[in-house]
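Quick notes on the structure that follows.
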2 protein chains.
Amino acid sequence: MMDTRPDAVKLDGAGPVYDQIRRAIRDLVVSGQWPPGTSVPPEHALMEQLGASRMTVHRALVQLAREGLIIRRRRSGTIVASPPASHAMLDILSIPQEVEKLGQAYAYEILSRSDGKPAPDIAERFGLKRSEKVTHLVVLHRAGGKPHVLEERVIHLAAVPAVATEDFARVPPGDWLLQHSLWSQAEHAISAVGAQSEEAALLDIAIGEPCLLVERRTWNQDRPVTAVRLLYPGPRHRFVGRFGPYGQV
Amino acid sequence: MMDTRPDAVKLDGAGPVYDQIRRAIRDLVVSGQWPPGTSVPPEHALMEQLGASRMTVHRALVQLAREGLIIRRRRSGTIVASPPASHAMLDILSIPQEVEKLGQAYAYEILSRSDGKPAPDIAERFGLKRSEKVTHLVVLHRAGGKPHVLEERVIHLAAVPAVATEDFARVPPGDWLLQHSLWSQAEHAISAVGAQSEEAALLDIAIGEPCLLVERRTWNQDRPVTAVRLLYPGPRHRFVGRFGPYGQV
DNA sequence: GCTTGCTATTTGCATATGCAATTAGATATC
DNA sequence: GATATCTAATTGCATATGCAAATAGCAAGC
(Lines give C-alpha, C1' and ligand atoms only; values in the text may rest on other atoms or scores of the structure.)
Protein backbone atom coordinates (compact mmCIF):
# COMPACT_ATOMS: atom_id res chain seq x y z
CA MET A 1 0.00 0.00 0.00
CA MET A 2 1.10 3.50 -0.72
CA ASP A 3 1.30 6.17 1.84
CA THR A 4 -1.93 8.02 1.37
CA ARG A 5 -1.88 10.37 4.29
CA PRO A 6 -3.88 13.26 2.84
CA ASP A 7 -3.27 16.81 3.81
CA ALA A 8 -6.08 18.13 5.89
CA VAL A 9 -9.21 19.45 4.25
CA LYS A 10 -9.69 23.07 5.33
CA LEU A 11 -12.89 25.04 5.01
CA ASP A 12 -12.92 28.75 4.30
CA GLY A 13 -16.28 29.66 5.77
CA ALA A 14 -17.56 31.21 2.54
CA GLY A 15 -20.93 30.06 1.31
CA PRO A 16 -22.75 26.78 1.91
CA VAL A 17 -20.87 24.13 3.83
CA TYR A 18 -21.24 21.46 1.16
CA ASP A 19 -19.69 23.83 -1.33
CA GLN A 20 -16.83 24.72 0.99
CA ILE A 21 -16.08 21.04 1.28
CA ARG A 22 -16.35 20.57 -2.47
CA ARG A 23 -14.00 23.45 -3.20
CA ALA A 24 -11.53 22.44 -0.52
CA ILE A 25 -11.17 18.95 -1.93
CA ARG A 26 -11.18 20.17 -5.49
CA ASP A 27 -8.31 22.51 -4.69
CA LEU A 28 -6.31 19.73 -3.11
CA VAL A 29 -6.82 17.68 -6.26
CA VAL A 30 -6.12 20.25 -8.91
CA SER A 31 -3.14 21.66 -7.04
CA GLY A 32 -1.56 18.23 -7.06
CA GLN A 33 -1.45 17.87 -3.27
CA TRP A 34 -3.71 14.86 -3.75
CA PRO A 35 -2.36 13.26 -6.90
CA PRO A 36 -4.39 10.66 -8.79
CA GLY A 37 -4.80 7.49 -6.78
CA THR A 38 -4.74 9.21 -3.39
CA SER A 39 -7.49 7.86 -1.25
CA VAL A 40 -9.95 10.42 0.05
CA PRO A 41 -10.99 9.91 3.67
CA PRO A 42 -14.31 8.12 4.07
CA GLU A 43 -17.42 10.13 4.72
CA HIS A 44 -17.44 9.34 8.42
CA ALA A 45 -13.90 10.61 8.84
CA LEU A 46 -14.55 13.85 6.98
CA MET A 47 -17.76 14.23 8.94
CA GLU A 48 -15.88 14.16 12.22
CA GLN A 49 -12.92 16.15 10.96
CA LEU A 50 -15.12 18.91 9.59
CA GLY A 51 -17.98 18.79 12.04
CA ALA A 52 -20.56 18.42 9.31
CA SER A 53 -23.21 15.78 8.90
CA ARG A 54 -22.65 12.81 6.66
CA MET A 55 -25.28 13.96 4.17
CA THR A 56 -23.51 17.27 3.77
CA VAL A 57 -20.16 15.61 3.20
CA HIS A 58 -21.90 13.17 0.90
CA ARG A 59 -23.36 15.94 -1.18
CA ALA A 60 -19.94 17.47 -1.77
CA LEU A 61 -18.39 14.13 -2.70
CA VAL A 62 -21.22 13.14 -5.02
CA GLN A 63 -20.81 16.36 -6.89
CA LEU A 64 -17.05 15.94 -7.20
CA ALA A 65 -17.64 12.43 -8.50
CA ARG A 66 -20.05 13.73 -11.12
CA GLU A 67 -17.44 16.24 -12.18
CA GLY A 68 -14.98 13.40 -12.60
CA LEU A 69 -12.41 14.49 -10.02
CA ILE A 70 -12.89 11.49 -7.77
CA ILE A 71 -14.03 7.92 -8.15
CA ARG A 72 -16.21 6.34 -5.51
CA ARG A 73 -16.93 2.69 -4.95
CA ARG A 74 -18.84 1.10 -2.14
CA ARG A 75 -16.67 -0.50 0.41
CA SER A 76 -13.46 0.34 -1.51
CA GLY A 77 -13.77 4.00 -0.75
CA THR A 78 -13.02 7.14 -2.70
CA ILE A 79 -9.88 7.91 -4.67
CA VAL A 80 -8.68 10.81 -6.76
CA ALA A 81 -9.25 10.18 -10.46
CA SER A 82 -6.73 10.60 -13.23
CA PRO A 83 -7.45 13.54 -15.50
CA PRO A 84 -9.51 12.15 -18.34
CA ALA A 85 -8.90 12.67 -22.01
CA SER A 86 -9.71 16.33 -22.20
CA HIS A 87 -12.35 17.93 -24.25
CA ALA A 88 -11.69 21.14 -25.98
CA MET A 89 -14.66 23.35 -25.61
CA LEU A 90 -15.19 25.61 -28.52
CA ASP A 91 -17.93 28.13 -28.34
CA ILE A 92 -20.29 27.92 -31.20
CA LEU A 93 -21.77 31.31 -31.71
CA SER A 94 -24.22 32.19 -34.39
CA ILE A 95 -22.45 33.85 -37.27
CA PRO A 96 -23.84 37.35 -36.64
CA GLN A 97 -22.65 37.09 -33.02
CA GLU A 98 -19.30 35.86 -34.21
CA VAL A 99 -18.82 38.83 -36.49
CA GLU A 100 -20.08 41.26 -33.92
CA LYS A 101 -17.54 39.92 -31.46
CA LEU A 102 -14.85 40.81 -33.97
CA GLY A 103 -16.17 44.34 -33.90
CA GLN A 104 -17.08 44.36 -37.56
CA ALA A 105 -20.23 45.15 -39.48
CA TYR A 106 -22.30 42.11 -40.34
CA ALA A 107 -24.19 41.47 -43.55
CA TYR A 108 -25.37 38.41 -45.40
CA GLU A 109 -26.69 37.50 -48.77
CA ILE A 110 -28.72 34.51 -49.96
CA LEU A 111 -26.90 33.41 -53.10
CA SER A 112 -29.21 30.60 -54.06
CA ARG A 113 -32.16 28.63 -52.86
CA SER A 114 -33.97 25.58 -54.08
CA ASP A 115 -36.81 23.63 -52.55
CA GLY A 116 -37.90 20.04 -53.02
CA LYS A 117 -36.02 16.90 -53.87
CA PRO A 118 -32.30 17.56 -53.89
CA ALA A 119 -30.07 17.59 -56.95
CA PRO A 120 -27.74 14.60 -57.14
CA ASP A 121 -24.57 16.44 -56.20
CA ILE A 122 -26.22 18.03 -53.19
CA ALA A 123 -27.75 14.74 -52.08
CA GLU A 124 -24.36 13.16 -52.21
CA ARG A 125 -22.54 15.93 -50.39
CA PHE A 126 -24.97 15.81 -47.49
CA GLY A 127 -25.74 12.10 -47.54
CA LEU A 128 -29.41 12.56 -48.40
CA LYS A 129 -31.85 10.17 -50.03
CA ARG A 130 -33.18 11.54 -53.30
CA SER A 131 -36.70 11.27 -51.94
CA GLU A 132 -36.18 13.52 -48.91
CA LYS A 133 -37.55 16.97 -49.50
CA VAL A 134 -35.23 19.70 -48.37
CA THR A 135 -34.55 23.36 -48.76
CA HIS A 136 -31.06 23.99 -50.07
CA LEU A 137 -29.41 27.34 -49.43
CA VAL A 138 -26.13 29.00 -50.18
CA VAL A 139 -25.41 32.05 -48.05
CA LEU A 140 -22.43 34.37 -47.97
CA HIS A 141 -21.77 36.12 -44.69
CA ARG A 142 -19.67 39.25 -44.67
CA ALA A 143 -17.71 40.96 -41.93
CA GLY A 144 -16.82 44.58 -42.59
CA GLY A 145 -17.74 44.12 -46.21
CA LYS A 146 -15.33 41.24 -46.78
CA PRO A 147 -16.40 37.62 -47.18
CA HIS A 148 -16.31 35.96 -43.76
CA VAL A 149 -17.78 32.52 -44.29
CA LEU A 150 -19.59 30.65 -47.01
CA GLU A 151 -22.54 28.64 -45.77
CA GLU A 152 -24.19 25.82 -47.63
CA ARG A 153 -27.16 24.29 -45.86
CA VAL A 154 -29.97 21.84 -46.27
CA ILE A 155 -33.04 21.99 -44.07
CA HIS A 156 -35.37 19.02 -43.87
CA LEU A 157 -38.91 20.05 -44.65
CA ALA A 158 -40.32 17.15 -42.68
CA ALA A 159 -38.62 18.43 -39.54
CA VAL A 160 -39.17 22.15 -40.15
CA PRO A 161 -42.26 22.67 -42.33
CA ALA A 162 -42.24 26.41 -41.64
CA VAL A 163 -39.15 26.80 -43.79
CA ALA A 164 -41.34 26.59 -46.90
CA THR A 165 -42.81 30.01 -46.26
CA GLU A 166 -39.73 31.76 -44.91
CA ASP A 167 -37.56 33.84 -47.21
CA PHE A 168 -34.70 34.59 -44.79
CA ALA A 169 -34.77 38.22 -45.80
CA ARG A 170 -34.27 39.51 -42.28
CA VAL A 171 -32.65 36.68 -40.35
CA PRO A 172 -30.05 34.28 -41.71
CA PRO A 173 -31.06 30.62 -41.77
CA GLY A 174 -28.88 29.52 -38.86
CA ASP A 175 -30.41 32.01 -36.47
CA TRP A 176 -33.88 31.47 -37.83
CA LEU A 177 -33.58 27.75 -37.16
CA LEU A 178 -32.62 28.32 -33.56
CA GLN A 179 -35.98 29.97 -33.09
CA HIS A 180 -38.08 27.67 -35.26
CA SER A 181 -36.73 24.20 -34.72
CA LEU A 182 -35.74 21.80 -32.00
CA TRP A 183 -32.70 19.60 -31.86
CA SER A 184 -31.55 16.94 -29.48
CA GLN A 185 -28.26 15.90 -31.05
CA ALA A 186 -25.61 17.58 -33.10
CA GLU A 187 -22.37 16.50 -34.62
CA HIS A 188 -19.49 18.72 -35.62
CA ALA A 189 -16.54 17.91 -37.73
CA ILE A 190 -13.70 20.33 -38.32
CA SER A 191 -11.21 19.82 -41.12
CA ALA A 192 -8.96 21.74 -43.45
CA VAL A 193 -9.61 21.77 -47.18
CA GLY A 194 -8.49 23.71 -50.21
CA ALA A 195 -10.96 26.12 -51.76
CA GLN A 196 -12.61 24.90 -54.97
CA SER A 197 -12.93 27.32 -57.83
CA GLU A 198 -16.46 28.55 -57.18
CA GLU A 199 -15.89 28.79 -53.46
CA ALA A 200 -12.65 30.65 -53.98
CA ALA A 201 -14.38 33.17 -56.21
CA LEU A 202 -17.11 33.83 -53.68
CA LEU A 203 -14.70 34.11 -50.77
CA ASP A 204 -12.30 36.22 -52.79
CA ILE A 205 -9.30 33.99 -52.30
CA ALA A 206 -7.09 31.89 -54.54
CA ILE A 207 -8.06 28.41 -55.63
CA GLY A 208 -6.57 25.82 -53.32
CA GLU A 209 -6.12 28.31 -50.50
CA PRO A 210 -6.51 26.48 -47.18
CA CYS A 211 -9.89 26.87 -45.52
CA LEU A 212 -11.42 25.66 -42.28
CA LEU A 213 -14.45 23.53 -42.99
CA VAL A 214 -17.00 23.05 -40.24
CA GLU A 215 -19.64 20.48 -40.99
CA ARG A 216 -22.52 20.35 -38.56
CA ARG A 217 -25.50 18.07 -38.65
CA THR A 218 -28.36 18.18 -36.19
CA TRP A 219 -31.14 15.76 -35.39
CA ASN A 220 -34.27 15.78 -33.33
CA GLN A 221 -34.92 12.34 -31.88
CA ASP A 222 -32.99 10.63 -34.69
CA ARG A 223 -34.78 12.57 -37.40
CA PRO A 224 -32.46 14.90 -39.30
CA VAL A 225 -33.20 18.61 -39.01
CA THR A 226 -30.45 20.41 -40.85
CA ALA A 227 -26.94 19.97 -42.12
CA VAL A 228 -24.52 22.77 -42.86
CA ARG A 229 -21.07 23.24 -44.30
CA LEU A 230 -19.32 26.39 -43.19
CA LEU A 231 -16.23 27.32 -45.13
CA TYR A 232 -13.96 29.84 -43.43
CA PRO A 233 -11.18 31.24 -45.56
CA GLY A 234 -7.63 30.59 -44.57
CA PRO A 235 -5.60 31.35 -41.51
CA ARG A 236 -7.77 34.43 -40.98
CA HIS A 237 -10.10 32.34 -38.90
CA ARG A 238 -9.46 30.27 -35.81
CA PHE A 239 -11.52 28.53 -33.19
CA VAL A 240 -10.32 29.13 -29.70
CA GLY A 241 -11.23 27.41 -26.48
CA ARG A 242 -9.99 27.62 -22.91
CA PHE A 243 -10.44 24.95 -20.28
CA GLY A 244 -8.94 23.07 -17.38
CA PRO A 245 -8.24 19.44 -16.59
CA TYR A 246 -11.19 17.31 -15.52
CA GLY A 247 -13.28 19.27 -18.01
CA GLN A 248 -13.61 22.34 -15.84
CA VAL A 249 -13.75 25.87 -17.09
CA MET B 1 -49.66 35.32 -17.95
CA MET B 2 -49.09 32.52 -20.36
CA ASP B 3 -50.81 29.24 -20.14
CA THR B 4 -48.31 27.11 -18.36
CA ARG B 5 -50.24 23.92 -17.78
CA PRO B 6 -47.37 21.43 -17.89
CA ASP B 7 -47.82 17.91 -19.12
CA ALA B 8 -47.55 15.46 -16.30
CA VAL B 9 -44.16 14.26 -15.14
CA LYS B 10 -44.09 10.47 -15.48
CA LEU B 11 -41.56 8.19 -13.84
CA ASP B 12 -40.32 5.02 -15.46
CA GLY B 13 -39.31 3.06 -12.41
CA ALA B 14 -35.75 2.54 -13.59
CA GLY B 15 -32.98 3.42 -11.17
CA PRO B 16 -32.98 5.91 -8.31
CA VAL B 17 -36.09 8.00 -7.86
CA TYR B 18 -34.25 11.31 -7.99
CA ASP B 19 -32.79 10.29 -11.31
CA GLN B 20 -36.13 9.19 -12.69
CA ILE B 21 -37.47 12.61 -11.84
CA ARG B 22 -34.46 14.30 -13.36
CA ARG B 23 -34.74 12.34 -16.60
CA ALA B 24 -38.49 12.76 -16.83
CA ILE B 25 -38.22 16.53 -16.58
CA ARG B 26 -35.19 16.67 -18.83
CA ASP B 27 -37.10 14.76 -21.50
CA LEU B 28 -40.04 17.13 -21.29
CA VAL B 29 -37.64 20.01 -21.77
CA VAL B 30 -35.51 18.68 -24.59
CA SER B 31 -38.51 17.29 -26.44
CA GLY B 32 -40.04 20.73 -26.51
CA GLN B 33 -43.13 19.80 -24.52
CA TRP B 34 -41.95 22.29 -21.95
CA PRO B 35 -40.54 25.11 -24.06
CA PRO B 36 -38.32 27.79 -22.53
CA GLY B 37 -40.24 29.92 -20.09
CA THR B 38 -42.62 27.17 -19.01
CA SER B 39 -42.95 27.14 -15.28
CA VAL B 40 -42.05 23.90 -13.58
CA PRO B 41 -44.36 22.90 -10.74
CA PRO B 42 -43.07 23.82 -7.29
CA GLU B 43 -41.38 21.17 -5.22
CA HIS B 44 -44.42 20.60 -3.05
CA ALA B 45 -46.62 19.91 -6.06
CA LEU B 46 -44.17 17.47 -7.62
CA MET B 47 -43.75 15.86 -4.23
CA GLU B 48 -47.45 15.09 -4.02
CA GLN B 49 -47.85 14.26 -7.67
CA LEU B 50 -44.96 11.80 -7.61
CA GLY B 51 -45.20 10.52 -4.08
CA ALA B 52 -41.61 11.39 -3.31
CA SER B 53 -40.20 13.47 -0.49
CA ARG B 54 -39.32 17.07 -1.04
CA MET B 55 -35.60 16.42 -0.64
CA THR B 56 -35.72 13.85 -3.41
CA VAL B 57 -37.55 16.17 -5.74
CA HIS B 58 -35.17 18.92 -4.69
CA ARG B 59 -32.16 16.82 -5.57
CA ALA B 60 -33.43 16.25 -9.11
CA LEU B 61 -34.23 19.92 -9.62
CA VAL B 62 -30.92 21.13 -8.22
CA GLN B 63 -29.10 18.91 -10.63
CA LEU B 64 -31.14 20.08 -13.60
CA ALA B 65 -30.41 23.64 -12.57
CA ARG B 66 -26.70 22.93 -12.47
CA GLU B 67 -26.94 21.45 -15.92
CA GLY B 68 -28.55 24.66 -17.09
CA LEU B 69 -31.92 23.24 -18.18
CA ILE B 70 -33.94 25.12 -15.62
CA ILE B 71 -33.63 28.32 -13.65
CA ARG B 72 -34.74 28.45 -10.05
CA ARG B 73 -35.43 31.47 -7.91
CA ARG B 74 -36.81 31.59 -4.43
CA ARG B 75 -40.41 32.54 -4.26
CA SER B 76 -40.63 33.05 -8.06
CA GLY B 77 -40.34 29.36 -8.71
CA THR B 78 -38.68 27.33 -11.41
CA ILE B 79 -38.82 27.88 -15.16
CA VAL B 80 -37.35 26.18 -18.18
CA ALA B 81 -34.19 27.93 -19.40
CA SER B 82 -33.38 28.92 -22.95
CA PRO B 83 -30.67 26.86 -24.57
CA PRO B 84 -27.39 28.70 -24.13
CA ALA B 85 -24.83 29.36 -26.81
CA SER B 86 -23.60 25.87 -27.47
CA HIS B 87 -20.11 24.63 -27.18
CA ALA B 88 -18.70 21.97 -29.38
CA MET B 89 -16.87 19.38 -27.40
CA LEU B 90 -13.96 17.88 -29.17
CA ASP B 91 -12.14 15.02 -27.60
CA ILE B 92 -8.48 15.66 -27.23
CA LEU B 93 -6.76 12.34 -27.12
CA SER B 94 -3.09 11.81 -26.85
CA ILE B 95 -1.64 11.12 -30.26
CA PRO B 96 -0.88 7.44 -29.68
CA GLN B 97 -4.48 6.95 -28.56
CA GLU B 98 -5.69 8.85 -31.57
CA VAL B 99 -3.80 6.60 -33.95
CA GLU B 100 -4.80 3.47 -32.12
CA LYS B 101 -8.41 4.48 -32.43
CA LEU B 102 -7.91 4.59 -36.18
CA GLY B 103 -6.76 0.99 -35.97
CA GLN B 104 -3.28 1.77 -37.27
CA ALA B 105 0.20 1.08 -36.03
CA TYR B 106 1.74 3.94 -34.11
CA ALA B 107 5.32 5.11 -34.25
CA TYR B 108 7.11 8.37 -33.59
CA GLU B 109 10.45 9.90 -34.17
CA ILE B 110 12.23 12.80 -32.49
CA LEU B 111 13.52 14.88 -35.38
CA SER B 112 15.29 17.51 -33.38
CA ARG B 113 15.86 18.70 -29.90
CA SER B 114 17.52 21.72 -28.37
CA ASP B 115 17.74 22.87 -24.79
CA GLY B 116 18.30 26.27 -23.30
CA LYS B 117 17.50 29.76 -24.44
CA PRO B 118 15.37 29.61 -27.58
CA ALA B 119 16.50 30.62 -31.06
CA PRO B 120 14.90 33.85 -32.27
CA ASP B 121 12.49 32.24 -34.75
CA ILE B 122 11.26 29.77 -32.14
CA ALA B 123 10.91 32.46 -29.51
CA GLU B 124 8.79 34.42 -31.89
CA ARG B 125 6.61 31.55 -33.01
CA PHE B 126 5.72 30.65 -29.44
CA GLY B 127 5.74 34.11 -27.94
CA LEU B 128 8.68 33.43 -25.60
CA LYS B 129 11.11 35.79 -23.96
CA ARG B 130 14.69 35.13 -25.05
CA SER B 131 15.65 34.59 -21.43
CA GLU B 132 13.21 31.75 -20.73
CA LYS B 133 14.92 28.41 -20.83
CA VAL B 134 12.99 25.80 -22.73
CA THR B 135 13.38 22.48 -24.42
CA HIS B 136 12.40 22.66 -28.07
CA LEU B 137 11.34 19.47 -29.86
CA VAL B 138 10.20 18.48 -33.29
CA VAL B 139 8.46 15.13 -33.44
CA LEU B 140 6.91 13.26 -36.32
CA HIS B 141 4.12 10.84 -35.47
CA ARG B 142 3.26 8.09 -37.91
CA ALA B 143 0.13 6.01 -38.36
CA GLY B 144 0.57 2.83 -40.34
CA GLY B 145 3.96 4.05 -41.50
CA LYS B 146 2.61 7.27 -43.01
CA PRO B 147 3.10 10.69 -41.48
CA HIS B 148 0.15 11.47 -39.25
CA VAL B 149 1.00 14.71 -37.54
CA LEU B 150 4.00 16.95 -37.13
CA GLU B 151 4.52 18.20 -33.61
CA GLU B 152 6.62 21.16 -32.62
CA ARG B 153 6.79 21.79 -28.92
CA VAL B 154 8.47 23.90 -26.30
CA ILE B 155 8.56 22.82 -22.67
CA HIS B 156 9.42 25.33 -19.96
CA LEU B 157 12.27 24.08 -17.84
CA ALA B 158 11.16 26.19 -14.91
CA ALA B 159 7.84 24.39 -14.83
CA VAL B 160 9.12 20.90 -15.65
CA PRO B 161 12.76 20.56 -14.55
CA ALA B 162 12.68 16.80 -15.11
CA VAL B 163 12.59 17.36 -18.85
CA ALA B 164 16.33 18.05 -18.78
CA THR B 165 17.12 14.40 -18.12
CA GLU B 166 14.43 12.79 -20.24
CA ASP B 167 15.23 11.65 -23.77
CA PHE B 168 11.71 10.70 -24.88
CA ALA B 169 13.00 7.44 -26.30
CA ARG B 170 10.08 5.40 -25.06
CA VAL B 171 7.22 7.84 -24.57
CA PRO B 172 6.46 10.83 -26.79
CA PRO B 173 6.65 14.23 -25.10
CA GLY B 174 2.90 14.83 -24.98
CA ASP B 175 2.23 11.67 -23.03
CA TRP B 176 5.29 12.08 -20.89
CA LEU B 177 4.13 15.54 -19.85
CA LEU B 178 0.76 14.20 -18.77
CA GLN B 179 2.60 12.05 -16.26
CA HIS B 180 5.25 14.52 -15.19
CA SER B 181 3.58 17.89 -15.09
CA LEU B 182 0.54 19.62 -13.77
CA TRP B 183 -1.63 22.08 -15.57
CA SER B 184 -4.56 24.18 -14.50
CA GLN B 185 -5.40 26.00 -17.71
CA ALA B 186 -5.11 25.27 -21.37
CA GLU B 187 -5.96 27.11 -24.53
CA HIS B 188 -6.60 25.63 -27.93
CA ALA B 189 -6.76 27.30 -31.25
CA ILE B 190 -7.67 25.49 -34.43
CA SER B 191 -7.02 26.96 -37.82
CA ALA B 192 -6.27 26.00 -41.40
CA VAL B 193 -2.91 26.80 -42.96
CA GLY B 194 -0.93 25.82 -46.00
CA ALA B 195 2.07 23.55 -45.50
CA GLN B 196 5.44 25.32 -45.67
CA SER B 197 8.21 23.66 -47.61
CA GLU B 198 9.93 21.87 -44.75
CA GLU B 199 6.68 20.79 -43.20
CA ALA B 200 5.42 19.53 -46.53
CA ALA B 201 8.52 17.44 -47.03
CA LEU B 202 8.21 15.85 -43.61
CA LEU B 203 4.51 15.16 -43.98
CA ASP B 204 4.96 13.92 -47.52
CA ILE B 205 2.50 16.34 -49.07
CA ALA B 206 2.71 19.19 -51.57
CA ILE B 207 3.72 22.70 -50.53
CA GLY B 208 0.67 24.79 -49.80
CA GLU B 209 -1.52 21.76 -49.19
CA PRO B 210 -4.14 22.66 -46.58
CA CYS B 211 -3.42 21.45 -43.06
CA LEU B 212 -5.22 21.63 -39.76
CA LEU B 213 -3.14 23.47 -37.22
CA VAL B 214 -3.85 22.93 -33.55
CA GLU B 215 -2.00 25.24 -31.22
CA ARG B 216 -2.24 24.39 -27.57
CA ARG B 217 -0.70 26.20 -24.66
CA THR B 218 -0.94 25.12 -21.05
CA TRP B 219 -0.26 26.86 -17.79
CA ASN B 220 -0.04 25.90 -14.17
CA GLN B 221 -1.26 28.74 -11.98
CA ASP B 222 -0.37 31.36 -14.63
CA ARG B 223 3.10 29.96 -15.21
CA PRO B 224 3.54 28.52 -18.69
CA VAL B 225 4.22 24.79 -18.88
CA THR B 226 4.28 23.89 -22.53
CA ALA B 227 3.16 25.07 -25.93
CA VAL B 228 2.67 22.88 -28.95
CA ARG B 229 1.83 23.24 -32.62
CA LEU B 230 0.29 20.13 -34.18
CA LEU B 231 0.10 20.12 -37.94
CA TYR B 232 -2.29 17.57 -39.44
CA PRO B 233 -2.09 17.10 -43.17
CA GLY B 234 -5.07 17.93 -45.28
CA PRO B 235 -8.62 16.71 -45.37
CA ARG B 236 -7.37 13.35 -44.11
CA HIS B 237 -7.86 14.55 -40.59
CA ARG B 238 -10.97 15.87 -38.87
CA PHE B 239 -12.02 16.62 -35.36
CA VAL B 240 -15.42 15.31 -34.52
CA GLY B 241 -17.67 16.06 -31.58
CA ARG B 242 -21.19 15.05 -30.66
CA PHE B 243 -23.37 16.88 -28.19
CA GLY B 244 -26.82 18.14 -27.31
CA PRO B 245 -28.33 21.49 -26.46
CA TYR B 246 -27.74 22.73 -22.90
CA GLY B 247 -24.27 21.25 -23.19
CA GLN B 248 -25.33 17.67 -22.60
CA VAL B 249 -23.76 14.63 -24.14
C1' DG C 1 -4.47 -24.71 -3.08
C1' DC C 2 -9.22 -23.45 -4.13
C1' DT C 3 -13.78 -22.24 -3.29
C1' DT C 4 -17.43 -20.79 -0.51
C1' DG C 5 -19.54 -17.99 2.59
C1' DC C 6 -19.58 -14.53 6.32
C1' DT C 7 -18.88 -9.88 8.17
C1' DA C 8 -17.81 -5.33 8.57
C1' DT C 9 -16.91 -1.15 5.94
C1' DT C 10 -18.23 2.21 2.82
C1' DT C 11 -21.10 4.41 -0.30
C1' DG C 12 -26.04 5.13 -2.21
C1' DC C 13 -30.63 6.47 -1.50
C1' DA C 14 -34.81 8.12 0.59
C1' DT C 15 -37.36 10.24 4.20
C1' DA C 16 -38.71 13.62 7.80
C1' DT C 17 -37.85 17.79 9.98
C1' DG C 18 -36.68 22.50 10.76
C1' DC C 19 -35.10 26.82 9.79
C1' DA C 20 -33.13 30.55 6.65
C1' DA C 21 -33.31 33.57 2.63
C1' DT C 22 -35.74 35.67 -1.03
C1' DT C 23 -39.37 38.03 -2.92
C1' DA C 24 -44.23 38.41 -5.45
C1' DG C 25 -48.23 40.04 -4.28
C1' DA C 26 -51.39 41.90 -0.99
C1' DT C 27 -52.29 45.41 2.30
C1' DA C 28 -51.92 49.50 4.74
C1' DT C 29 -50.37 54.17 4.97
C1' DC C 30 -49.24 58.58 3.41
C1' DG D 1 -51.29 57.46 -6.89
C1' DA D 2 -47.08 56.37 -4.64
C1' DT D 3 -44.67 54.15 -0.98
C1' DA D 4 -43.76 51.42 2.87
C1' DT D 5 -44.88 47.13 5.23
C1' DC D 6 -46.44 42.62 5.89
C1' DT D 7 -47.41 37.83 4.57
C1' DA D 8 -46.95 33.75 2.58
C1' DA D 9 -44.98 30.92 -1.20
C1' DT D 10 -40.92 28.92 -2.71
C1' DT D 11 -36.37 27.48 -2.86
C1' DG D 12 -31.80 26.65 -0.17
C1' DC D 13 -29.39 24.35 3.35
C1' DA D 14 -28.25 21.27 7.06
C1' DT D 15 -29.20 17.55 10.14
C1' DA D 16 -30.59 12.92 11.88
C1' DT D 17 -32.04 8.47 10.81
C1' DG D 18 -32.50 4.10 8.61
C1' DC D 19 -31.93 0.84 5.34
C1' DA D 20 -29.94 -1.08 0.85
C1' DA D 21 -26.14 -2.50 -2.08
C1' DA D 22 -21.55 -3.63 -3.08
C1' DT D 23 -17.43 -5.75 -1.79
C1' DA D 24 -12.55 -6.32 0.52
C1' DG D 25 -10.76 -9.19 3.55
C1' DC D 26 -11.09 -12.94 6.43
C1' DA D 27 -12.49 -17.52 7.88
C1' DA D 28 -14.11 -22.00 7.16
C1' DG D 29 -14.45 -26.01 4.62
C1' DC D 30 -13.25 -28.93 0.74
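All values below come from the heavy atoms of this structure, side chains included, with hydrogens, waters and symmetry mates left out. Convention: sequence-line order gives letters A, B, ...; per-chain numbering from 1.
Closest to the side chain of A:P42, out of D:dT15, D:dC13, C:dT10, is C:dT10. Side-chain proximity of A:T56 to C:dA16, D:dG12, D:dT15: nearest is D:dT15.
The cationic group of B:R216 does not satisfy the cation-pi geometry with B:W183, failing either the under 6.0 Å distance to the six-membered ring centre or the 45° limit from the ring axis.
Of all non-hydrogen atoms in A:V80 and A:P35, the two that sit nearest each other are CB-O, 3.6 Å.
Protein atom CE of B:M47 is 9 Å distant from nucleotide atom P of C:dT15, rounded to whole Å. For B:L61 and D:dT10, the CG to P distance is 13 Å, given to the nearest whole Å. One atom, NE2 of A:H58, and another, P of C:dT15, lie 14 Å apart when rounded to the nearest Å. In this structure, the NE2 atom of B:H44 is 12 Å from the P atom of C:dT17, given to the nearest Å. The nearest whole Å value for the distance from the CD1 atom in A:I79 to the C1' atom in C:dT9 is 17 Å. A:I71 places its CD1 atom 14 Å from the P atom of C:dT11, with the value rounded to the nearest Å. For the pair A:I70 CD1 and C:dT10 P, the interatomic distance rounds to 15 Å; values are reported in whole Å. One atom, CD of B:E43, and another, C1' of D:dA8, lie 16 Å apart when rounded to the nearest Å.
Between B:L137 and B:E151, every side-chain heavy-atom pair lies at or beyond the 4.5 Å cut-off.
Between B:Y232 and B:H148, a ring centre-to-centre spacing shorter than 6.0 Å is recorded. For B:Y108 and B:F168, the distance between ring centers is not under 6.0 angstrom. Here the two rings, on B:F243 and A:H188, have centers that are under 6.0 Å apart.
Distances shorter than 4.0 Å separate some side-chain N or O of A:Y18 from OP1 or OP2 on D:dC13.
Salt bridge status for A:R22 with A:E67: present, with a side-chain N to carboxylate O gap under 4.0 Å. The pair B:R23-B:D27 does not meet the salt-bridge criterion, since no charged nitrogen lies less than 4.0 angstrom from a carboxylate oxygen.
Position along DNA chain D of the nearest nucleotide to B:G77 versus A:S53 favours B:G77 as the more 5'-ward residue. Map B:R59 and B:M55 each onto its nearest nucleotide of DNA chain C; the residue landing nearer the 5' end is B:R59.
The bend of the helix from C:dG1-D:dC30 to C:dC30-D:dG1, defined by the angle between the axes of its first five and last five pairs, stands at 0° to the nearest 10°.
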Distances for protein N/O vs nucleotides 19-23 of chain C N/O pairs under 3.5 angstrom?
residue: C:dA21; atom: N3; partner: B:R74; partner atom: NE; Å: 3.4

With a cut-off of 3.5 Å and sequence neighbours excluded, list every side-chain donor-acceptor pair involving residues 220-228 of chain A.
residue: A:T226; atom: OG1; partner: A:R153; partner atom: NH1; Å: 3.2
residue: A:T226; atom: OG1; partner: A:V154; partner atom: O; Å: 2.8

